[in-house]
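Written out below as structure tokens is the structure these notes cover.
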Amino acid sequence: MIEFKQVSKIYPNGVIGLDNINLTIEKGEFVVIVGLSGAGKSTFLRSINRLHEISTGEIIIDNTSITRAKGRQLLTIRRDIGMIFQSFNLVKRSTVIRNVLAGRVGYHSTIRTILGLFPPEDKELAMRALERVNIIDKAYTRSDQLSGGQQQRVSIARALAQEAKIILADEPVASLDPLTTVQVLEDLKTINVELGITLVVNLHSIELARQYATRIVGLQDGRVVFDGPVEQATDER
Ligand code: ADP
Ligand code: ADP
């Protein structure tokens, strides 16, 4: 589903973000990327949906090279990839349902979505997504009136409404309290198991990684220093 072939990313200032990464992530995996601050976790994640260009190598998504994709083809690949951020990235003044509908933008012409014209099927999808993350009662609440955990569940719902096959989450629980952290990770686990969505999640905590991942990838200085099933990931790494 996601294949890294000799991928390196060197930033314009010469800092090496990723150093010759080779790995394959299969459909349905729940991969957690761990590593100290600066290890390359964000760089790894942002390379997958080409939020930035890699310097060398190639990334294949579902048998298509996102590295070489152009124009429409790039947009089509990106539709399959949802993204969740530490800071939620919701439109604060918009309602929850509006934010979830934003996941449908890639399926329509720009003018319709600027006007906020989404077909009824989209609203149906959005409501079902909100139901799945147990927040449907907030559909018409302004996003900035929700707690952090609720906002993060809205951003999960947005990725679900997008019908993403892959969800990338960059430190999705870093700004949440312990209880909310568990709720958000449980929601991610549920969509992974029930919908078969492939998850690639950056986490600080190896403890949480062990609890939720099917596979842990450890990064250090842009290199893979550990890659294996959860049972083999020990504290020494
Ligand atoms: P992590 O997510 O594990 O904290 P990052 O992927 O953010 O690590 O960073 C990896 C390395 O790349 C770090 O040394 C960081 O300072 C550097 N880096 C990240 N983004 C940029 C950037 N836009 N320009 C230059 N260097 C960057
Ligand atoms: P992270 O949360 O992944 O550790 P930071 O908070 O350090 O990342 O970085 C926030 C932003 O600054 C990101 O957009 C990243 O690309 C950029 N950045 C990080 N390190 C550097 C750097 N050394 N030079 C330039 N930009 C950087």
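All residue numbers in this chain count up from 1 along the given sequence. Numbering of ligands and ligand atoms starts at 1, following listing order. This one's a predicted model, so the numbers in the text were calculated from it and none came from an experiment.
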key: Contact (N/O only, under 3.5 Å) between Ala39 and ligand 1   = yes

message = Quiz question: by atom type and distance under 3.5 Å, do the side chains of Thr198 and Glu29 form a donor-acceptor pair?
response = no

inquiry  = Looking only at side-chain N and O atoms, does Thr190 offer a donor or acceptor that is under 3.5 Å from a partner on Asn192?
reply    = no

ask   = Which bit of Asn13 is near ligand 1, meaning a heavy atom under 4.0 Å away: side chain, backbone, both or neither?
value = side chain

inquiry  = Below 3.5 Å, N or O to N or O, backbone or side chain included: is there any such pair between Gly38 and ligand 1?
reply    = yes

message = Any atom of ligand 1 sitting under 4.0 Å from a heavy atom of Ser37?
response = yes

Test side-chain contact (heavy atoms from CB on, under 4.5 Å) applied to Asp187 - qualifying residues, sequence neighbours left out = Val133, Asn134, Arg153, Ile156

ask   = Who pairs with Phe4 by ring-ring contact (aromatic ring centres under 6.0 Å, His included), at least two apart in sequence or on another chain?
value = Phe44

ask   = Does the side chain of Asn20 pick up a donor-acceptor pair with the side chain of Ser8 at under 3.5 Å?
value = no

key: Atoms of ligand 1, numbered as shown, that sit under 4.0 Å from any heavy atom of Lys41   = 1 (P), 2 (O), 3 (O), 4 (O), 6 (O), 8 (O)

task = Please check if atom CG in Leu36 has more than 12 non-hydrogen atoms from other residues, nucleotides or ligands closer than 6.0 Å.
result = no

Side-chain donor-acceptor contact under 3.5 Å, Gln73 with Thr76 = no

request  = May I ask you to list the atoms of ligand 1 that are less than 4.0 angstrom from any heavy atom of Leu36?
outcome  = 3 (O)

message = Side chain or backbone, does Gly17 bring an N or O within less than 3.5 Å of an N or O on ligand 1?
response = no

request  = Check whether any heavy atom of Ile33 sits under 4.0 Å from an atom of ligand 1.
outcome  = no

query = So which bit of Thr43 gets within less than 4.0 Å of ligand 1, heavy atoms only: side chain, backbone, both or neither?
reply = both

